Amino acid sequence: MAGTSQTTPDDRRDNSGRGYRPDPATEGFLAHRNLLFTVAYELLGSAADAEDVLQETWLRWAGVDLDTVRDHRAYLVRITTRQALDRLRTLGRRKESYVGPWLPEPLLTAPDVAEDVELADSISMAMLLVLETLAPTERAVFVLREVFDLGYDEIAAAVDKSPAAVRQLAYRARAYVAARRPRGVVSAAETRDALEAFQRAVETGDLQNLLDILAPDVVLLSDGGGVVQAALSPVVGADVVARALGRIAAEAALRPAHVNGHPALIIELNGKVDTTVTMRFDDGLITGLYAVRNPEKLSRMQRETALRR
């Protein structure tokens, strides 16, 4: 996993006992840190890499003459986007040698994230997997325009394209994502009902309730990263998926949580997080199940991650 020893300003502490006011660069960075993390995470699907991008963004921001910067938010988003695009190339090579299916790193989120429907939709596991299939620049344009509502001129500066080219990229990416995003609106209550059915099925050994809400061609992706046991290829079909989920959760404790802005299940074994299970719904049925088991991707399950648009 990515990680460096450098820190961003929020990691620092003032121990003098006196009132502390950060310098303008630090103050500007801290004001937008959660936004910048969200941008980086949506572009990368990795919280660890998003944190590294923020460190790189801070180092560049700290050297900027702020008197020449008209809009701190736009400038910081520009730096973050450029650093994230550079890191996407490294991630692409890493994913090529990844053992088994690669899934985004899950985030434990506060229930109020779900109240921002557009944000919750954009960070769902299903949507992040759709974004994975876009070219890097298309992904950046789509995220900055559709999620963060940046203007075409601002996006053009971030991705080093002309505004006209950005408009074309945005149009293509919007059409591409629309054709692949989950169909139909599923409420949080419906998602919770499905998770409760799964939990009951595992706890009682009666999988019929689960089969009732699984699409016949449902697909289970299980990410163990070669570190823990997980299926090395997609598991397809309601009966097979139901049995596979039962095996994953056998002899474990299940608890509901909000993961990536949506109701999800956390499976714990011996008091430690073993797996997160999130879902994709199409027309009221579960068509995708995403089980992240790689322990290197589960560090964000201990505390909520602050996200912002």
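Sequential numbering from 1 along the given sequence is applied to the chain's residues. Heavy-atom basis, side chains included; hydrogens, waters and symmetry copies ignored. All values derive from a computational prediction rather than experimental measurement.
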_Working note: Asp52 + Arg87, criterion salt bridge (charged side-chain N to carboxylate O under 4.0 Å, His left out); need CA distance, chi angles, decisive distance, verdict._
CA-CA 9 Å; Asp52 282 354; Arg87 189 161 289 260; 3.5 Å; yes
Value for CZ (Arg192) from CG (Leu195), rounded to nearest 0.5 Å, stands at 9.5 Å
All heavy atoms of Leu107 vs all of Ala47, minimum pair found to be CD2-CB, 3.7 Å
Could you walk me through whether Leu265 and Gln199 pass the side-chain contact (heavy atoms from CB on, under 4.5 Å) check?
CA-CA 8 Å; Leu265 279 177; Gln199 189 167 356; 3.9 Å; yes
Taking every heavy atom of Val228 against every heavy atom of Asn294, the minimum-distance pair comes out as CG2-N, 4.3 Å
For Gly224 and Ala230 the tightest heavy-atom approach is N-CB, 3.6 Å
Review point. Can you find a pair of side-chain heavy atoms, one from Thr137 and one from Lys161, that are under 4.5 Å apart?
Key: yes
Is a donor on one side and an acceptor on the other found under 3.5 Å between the side chain of Arg78 and the backbone of Glu154? no
With heavy-atom distances below 4.5 Å as the criterion, would you say the side chains of Pro234 and Leu220 are in contact? no
field: Shared hydrophobic cluster, Trp102 / Leu134 (ILVMFWY, side-chain heavy atoms < 4.5 Å)
entry: no
In terms of the angle between their ring planes, are Trp61 and His72 parallel, tilted or perpendicular, with boundaries placed at 30° and 60°?
perpendicular
| said: Check whether Tyr152 forms a cation-pi arrangement with Arg145 (NZ or CZ under 6.0 Å from the six-membered ring centre, at most 45° off the ring normal). | reply: yes
Exercise. Please walk me through it: do Phe142 and Arg172 pass side-chain contact (heavy atoms from CB on, under 4.5 Å)?
Worked result: CA-CA 9 Å; Phe142 178 86; Arg172 289 204 305 266; over 6 Å; no
Any Ile213 side-chain heavy atom under 4.5 Å of Asp193 side chain:
no
Between Leu88 and Pro136, the two heavy atoms sitting closest are CD1-CB, 3.7 Å
Should we count OH of Tyr98 as having more than 12 external heavy atoms under 6.0 Å? yes
Scan side-chain atoms only and decide if Thr68 and Asp65 contain a donor-acceptor pair under the 3.5 Å cut-off.
no
Considering only heavy atoms from C-beta outward, does the side chain of His258 approach that of Pro263 to under 4.5 Å? yes
Count the heavy atoms of every other residue, nucleotide or ligand shown that sit under 6.0 Å from CG of Asn270, and state whether that count exceeds 12. no
- Where do Glu132 and Lys95 land on the side-chain contact (heavy atoms from CB on, under 4.5 Å) test, with the steps shown first? CA-CA 11 Å; Glu132 279 292 313; Lys95 290 170 190 172; 2.6 Å; yes
### Query
Are any non-hydrogen side-chain atoms of Leu214 and Thr287 less than 4.5 angstrom apart?
no
- prompt: Considering only heavy atoms from C-beta outward, does the side chain of Leu207 approach that of Asp239 to under 4.5 Å?
  reply: no
Without placing hydrogens or testing angles, list every side-chain donor-acceptor pair under 3.5 Å for residues 35-45, not counting sequence neighbours.
from, atom 1, to, atom 2, distance (Å)
Thr38, OG1, Asn34, O, 2.7
Thr38, OG1, Arg308, N, 3.0
Thr38, OG1, Arg308, O, 3.3
Tyr41, OH, Glu105, O, 2.6
Tyr41, OH, Asn260, ND2, 2.9
Glu42, OE1, Ser122, OG, 3.3
Glu42, OE2, Ser122, OG, 2.7

Exercise. For Thr109 and His262, run side-chain contact (heavy atoms from CB on, under 4.5 Å): C-alpha distance rounded to whole Å, both residues' side-chain angles, the deciding distance at 0.1 Å, then the answer.
Key: CA-CA 8 Å; Thr109 51; His262 294 270; over 6 Å; no
task = Determine yes or no for a side-chain-to-main-chain donor-acceptor pair under 3.5 angstrom, with Arg167 supplying the side chain and Pro163 the backbone.
result = no
- Message: Could you tell me if the side chain of Asp112 sits less than 4.5 Å from the side chain of Glu115, heavy atoms only?
- Response: yes
In terms of heavy-atom contacts, Ile286 and Ala194 come closest through CD1-CB, 4.0 Å
Please determine whether a side-chain nitrogen of the Lys or Arg among Asp274 and Lys272 lies less than 4.0 Å from a carboxylate oxygen of the Asp or Glu. no
The salt bridge (Lys or Arg N to Asp or Glu O under 4.0 Å) partners of Glu51 (sequence neighbours excluded) come to Arg33, Arg300
Between Asp49 and Arg94, is there a side-chain N and carboxylate O pair less than 4.0 Å apart? yes
For Val292, the other hydrophobic cluster members (4.5 Å side-chain criterion, sorted by chain and number) are Leu103, Leu108, Met125, Leu129, Val219, Leu221, Val236, Val259, Ile266, Val273, Tyr290, Leu298, Met301
Nearest heavy-atom approach of Pro101 to Ala231 is CD-O, 3.4 Å
- Item | Pair Arg309 + Asp116: basic N to acidic O under 4.0 Å | yes
- Determine whether Leu66 and Tyr75 fall in the same hydrophobic cluster, where Ile, Leu, Val, Met, Phe, Trp and Tyr are linked whenever their side-chain heavy atoms lie under 4.5 Å apart. yes
Check your understanding: Is there side-chain contact between Arg280 and Asp282, with at least one heavy-atom pair below 4.5 Å?
Key -> yes
